[in-house]
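Letters A, B, ... are given to chains in the order of the sequence lines, protein chains preceding strands, and every chain is numbered from 1.
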Protein chains: 2
Amino acid sequence: MDDLETRELRYFIAVAEELHFGRAAERLGMAQPPLSRAIQQLERRLGVRLLERNRRGVSLTGAGEMLLHEGRAALDAATAAARRTRRAGGADSSGGPRNRLVLAVKAGAFHELLHKLLDAYAAEPDAAEIEVLPSGTCEQEGMLRDGRADVALMHTPFNSLAGFDSEELMTEGQVAILPAGHPLAARSTLSLADVSDIPDLPLARWSRDGVYPPGPGPEIHDQTQLAQLIALGRTVAVFPESARAWLWAEHAAVPLTDAPPVVTHIAWPAHSRSLALAGLIRTATRL
Amino acid sequence: MDDLETRELRYFIAVAEELHFGRAAERLGMAQPPLSRAIQQLERRLGVRLLERNRRGVSLTGAGEMLLHEGRAALDAATAAARRTRRAGGADSSGGPRNRLVLAVKAGAFHELLHKLLDAYAAEPDAAEIEVLPSGTCEQEGMLRDGRADVALMHTPFNSLAGFDSEELMTEGQVAILPAGHPLAARSTLSLADVSDIPDLPLARWSRDGVYPPGPGPEIHDQTQLAQLIALGRTVAVFPESARAWLWAEHAAVPLTDAPPVVTHIAWPAHSRSLALAGLIRTATRL
DNA sequence: GCCCGGTGATACCTACCGGGTATGACAGGG
DNA sequence: CCCTGTCATACCCGGTAGGTATCACCGGGC
């Protein structure tokens, strides 16, 4: 019952994602024939057919789908081990174990909460150094999984807490953010149906893992860009109430009656055993 | 930023657990010198000292501790990927994806619940085949992590749900299980202090990961052995109420007033995307 | 005090295998 | 019908994982 080498997992995942040996080999910086052979060896060792080689392309079998999912998790775990070990080791050089935590935060969100948290934690007696790592939309999960971060602030239902330990920090409603001059901006409340159906203001589309949901609205990369597009009267967006903190004068925020409440959690990899992390969590839950 | 190979992780974990290169090499089925060299290379590649080679033995640095923990998780993830892929692949040979779930259950526990669950699930229209895998005390977590099982029944607070998704199934109190003839067996309730302080009946000690808590009581491996020792008047044990199902005539169960309630969960690896699993969970939560 | 046992590290060699290049087999499309 | 794009095969080479022999070092025992 030999283990899979991470090299094999990397190879298979590349092929499974590209569904094309040539492109996968290029992405891996190697030639195509050894890649083909490596996948064949992998299939032999597992005793399972992973890819269906049809004429004109490759497709995943059921087992291939499984290996793609599980293999990604395993690869993340391996790179997390390397990263965290390096960080823990850099600590040793400076005498005692220098505590340093990487906190992943969706770029631009959590302004007030983050401020309060960092201030409160810094006041703790044995506070570790906190590095705030801004992340793309919903990227915090991957960052926790592959060790780029030690702890993250997350928004359910946008982020999934699956696989992490977490504590609830706060709950808030959502608001529609409109151009200040728009007729709907005068309303005291709106419904989701209202904002998704404005003919002249298509709903903005956020990227999620590099993919945008379909729709007429503009594709949004970062919050500044979105803020500008809203101010220009080109789009409308839905945000947690705390987004009011970064609104411009040309923006208007109207509460949504039927949007699901957004819950902010602090989340960390299950089984983390770090005193610094425990302290940060304690501070966060006391806010 | 090269990944760690699982071979390197296996090697390091062996050394970190044995704290002895020779024994670790033997366990790995290889000679000691290549193992030494492999660990040195690993330290160089990570740029971190993992082991402190003192005269007369080896000890872990902080980074070594980190790599031991994270590396175990990564190795588990890799073997889980292999195992689950093999299982998913065996499926393909028999036509459609043959659904088969491995359910880990603490040996001897969950009698009634398990019975009801299996019966109810078997009655579902598209029920998968369920393989019940009895596990040692609190071993279900490891089984889920390394892919030996797909889903498990767990008891909090004994099992930790960290890192898994789970649903609560039932809550029950705990009882002390005594020899029927013992004076305390006549009491209608007991407290934890009562049972931990019986001079002639030391509390039984369960193994957890092969380690026994300290104390005067006998070391218990399985439930039958425990049942016998209780019946013989040699020990006393604390169990969830549902343990009444397997009591002997010579046993007496007395409710404990101050023992924490035991919650039974059904748990599965986060991100599992299996229809069969979803069906089983749905059935379980409806019981 | 000296030697012996046991530790991990070093030196050197071999053989396997991971990777490269060249080429084949095969199907679809112009 | 050829041409193109795909993955598989054949063959070669070099790096490296692993083995054996040995060293350096320290602690304990006589």
Checklist entry - So, A:R87 and B:E70, do they make that salt bridge, N to O below 4.0 Å? => result no
Checklist entry - Quick one: is D:dC7 close enough that its OP1 or OP2 comes under 4.0 Å of any side-chain N or O from A:H20? => result yes
Checklist entry - With sequence neighbours left out, what residues match B:E5 under side chain to side chain donor-acceptor pair (under 3.5 Å)? => result A:T6
Checklist entry - Is any side-chain N or O of A:S36 closer than 4.0 Å to OP1 or OP2 of D:dA8? => result yes
Checklist entry - Just wondering, more than 12 heavy atoms not from B:R10 lying within 6.0 Å of its CZ? => result yes
Next on the checklist: Treating primed atoms plus P, OP1 and OP2 as sugar-phosphate and everything else as base, which nucleotides of nucleotides 17-26 of chain C get B, S or - for protein heavy atoms under 4.0 Å?
Outcome noted: -BBBBB----
Item to check | Sequence neighbours excluded - ring pair (Phe, Tyr, Trp, His ring centres under 6.0 Å) pairs with any residue from residues 127-154 of chain B | outcome: none
Checklist entry - Can you tell me if the side-chain N/O atoms of B:Q40 get under 4.0 Å from OP1 or OP2 in C:dG8? => result no
Next on the checklist: Under 4.0 Å from OP1 or OP2 of D:dT6: is there any side-chain N or O of A:R53 that close?
Outcome noted: no
Checklist entry - Should A:D150 and A:R84 count as an ion pair when the cut-off is N to O under 4.0 Å? => result yes
Item to check | For atom CG of B:L35 and atom P of D:dT20, their distance in whole Å | outcome: 14 Å
Next on the checklist: Could you tell me how far apart B:L28 (CG) and D:dG19 (P) are, to the nearest whole angstrom?
Outcome noted: 10 Å
Next on the checklist: Can you measure A:E26 atom CD to D:dG5 atom P for me and round it to whole angstrom units?
Outcome noted: 14 Å
Next on the checklist: For a 4.5 angstrom cut-off between non-hydrogen side-chain atoms, does B:F21 reach B:I39?
Outcome noted: yes
